[in-house]
Amino acid sequence: MYRRLPELGASRGSVSKTLNEFILEGGKTRKINLTACIIELRKYGRFDHVIEVMEWMQKRKMNFSHVDHAVYLDLTAKTKGIAAAENYFDNLPPSVQNHVTFSTLLNCYCKELMSEKSLTLFEKMDKMKLLSTSMPFKNKYIFRF
């Protein structure tokens with residue numbers, strides 16, 4: 001599986017089809033292996049393939065961590081636009097809307113130079129006491145110049 005997914009770029013193949021074929025051939029997909037593939041695909045900018053892997057995982061009810069949701073949120077913004085990312089974030093259960101996913105959404109706003117939305121979200125994070133890392137402050141700093 002680890003070798004098949006990176007090869008999809010040249011063949012324009014389907015991630016879902018490749019993973020399903022792998023399973024039909026007796027292969028086992030574990031989250032740790034899929035996560036390794038996600039990291040590799042992201043490293044080479046293959047964001048559409050990463051989205052497909054993650055959507056395949058979601059369909060199979062694989063447990064997503066907060067970090068997995070944040071990665072999906074970031075890639076959704078990159079591949080489908082900020083509105084799709086906001087929609088994904090808004091539909092996350094409250095237990096998943098934590099400093100990791102809020103910081104990721106803030107980072108998406110900053111990358112798109114959406115100063116009003118980023119400052120509003122920063123203030124919301126401050127009220128919710130979600131400013132536990134330096135990332136939100138680094139993002140806010142972008143708009144000081």
Side-chain angles (χ1 to χ4, degrees), residues 1-122 124-125 128-143:
M1 172 183 56
Y2 188 76
R3 289 186 192 135
R4 291 182 188 191
L5 290 177
E7 292 173 358
L8 288 175
S11 67
R12 299 266 187 224
S14 162
V15 169
S16 294
K17 182 179 176 188
T18 301
L19 290 171
N20 291 335
E21 286 172 357
F22 179 76
I23 290 172
L24 288 173
E25 293 167 4
K28 297 196 190 255
T29 56
R30 294 189 350 211
K31 185 177 178 207
I32 193 164
N33 301 110
L34 292 168
T35 300
C37 290
I38 287 169
I39 290 168
E40 189 71 15
L41 291 168
R42 279 184 81 193
K43 185 167 60 173
Y44 294 106
R46 309 266 292 285
F47 305 132
D48 288 327
H49 285 143
V50 176
I51 288 279
E52 284 186 68
V53 170
M54 297 186 88
E55 288 172 350
W56 187 89
M57 292 168 66
Q58 287 175 329
K59 286 179 187 171
R60 276 137 193 89
K61 307 283 189 232
M62 290 188 175
N63 190 27
F64 263 33
S65 69
H66 296 149
V67 172
D68 294 327
H69 285 290
V71 167
Y72 189 82
L73 177 64
D74 179 58
L75 293 174
T76 299
K78 286 179 180 171
T79 60
K80 300 176 184 177
I82 198 75
E86 289 172 321
N87 185 50
Y88 179 75
F89 180 83
D90 291 341
N91 288 306
L92 288 173
S95 62
V96 179
Q97 290 186 356
N98 61 12
H99 73 281
V100 177
T101 51
F102 266 95
S103 293
T104 301
L105 183 60
L106 177 64
N107 190 49
C108 293
Y109 287 155
C110 291
K111 284 180 183 176
E112 296 295 321
L113 301 176
M114 301 173 82
S115 58
E116 190 173 314
K117 282 192 173 196
S118 66
L119 293 174
T120 301
L121 185 61
F122 184 90
K124 182 176 182 178
M125 291 172 68
M128 296 173 69
K129 308 238 185 282
L130 295 177
L131 300 176
S132 60
T133 67
S134 63
M135 185 177 162
F137 293 99
K138 289 178 185 174
N139 283 324
K140 186 177 179 203
Y141 185 74
I142 291 170
F143 291 109

Under 3.5 Å donor-acceptor, [X] side chain and [Y] backbone:
X      : Y      : answer
Lys31  : Asn63  : yes
Asn33  : Ala36  : no
Asn107 : Ser103 : no

Salt bridge (charged side-chain N to carboxylate O under 4.0 Å, His left out) partners of Asp74, counting only residues at least two apart: Arg42, Lys78, Lys111

Check whether any side-chain heavy atom of [X] lies under 4.5 Å from a side-chain heavy atom of [Y], and answer yes or no.
X     : Y     : result
Val96 : Phe64 : no
Gln58 : Tyr72 : yes
Ile39 : Thr35 : yes

Non-hydrogen atoms of Leu121 and Leu106 that approach each other most closely: CD2-N, 3.5 Å

Over all atoms of both residues, closest heavy-atom pair of His66 and Asn98: ND1-ND2, 2.6 Å

From CA spacing to verdict: side-chain contact (heavy atoms from CB on, under 4.5 Å), Lys117, Ile82: CA-CA 11 Å; Lys117 282 192 173 196; Ile82 198 75; 5.9 Å; no

Ring geometry between Phe89 and Phe102 (parallel below 30°, tilted from 30 to 60°, perpendicular above 60°): perpendicular

How long is the straight-line distance from [atom2] of [Y] back to [atom1] of [X], given to the nearest 0.5 Å?
X     : Y      : atom1 : atom2 : answer
Glu21 : Ser14  : CD    : OG    : 8.5 Å
Glu25 : Phe22  : CD    : CZ    : 8.0 Å
Ile38 : Met57  : CD1   : CE    : 4.5 Å
Leu92 : Leu105 : CG    : CG    : 9.5 Å
Thr76 : Glu86  : OG1   : CD    : 12.0 Å
Arg60 : Ser16  : CZ    : OG    : 6.5 Å

Between Ser65 and Asp68: side-chain donor-acceptor atoms closer than 3.5 Å: yes

Evaluation steps, side-chain contact (heavy atoms from CB on, under 4.5 Å), between Val71 and Leu75: CA-CA 6 Å; Val71 167; Leu75 293 174; 3.8 Å; yes

Pair Val50-Met54, side-chain contact (heavy atoms from CB on, under 4.5 Å): steps then yes or no: CA-CA 6 Å; Val50 176; Met54 297 186 88; 4.0 Å; yes

Leu24 CG: over 12 foreign heavy atoms closer than 6.0 Å: yes

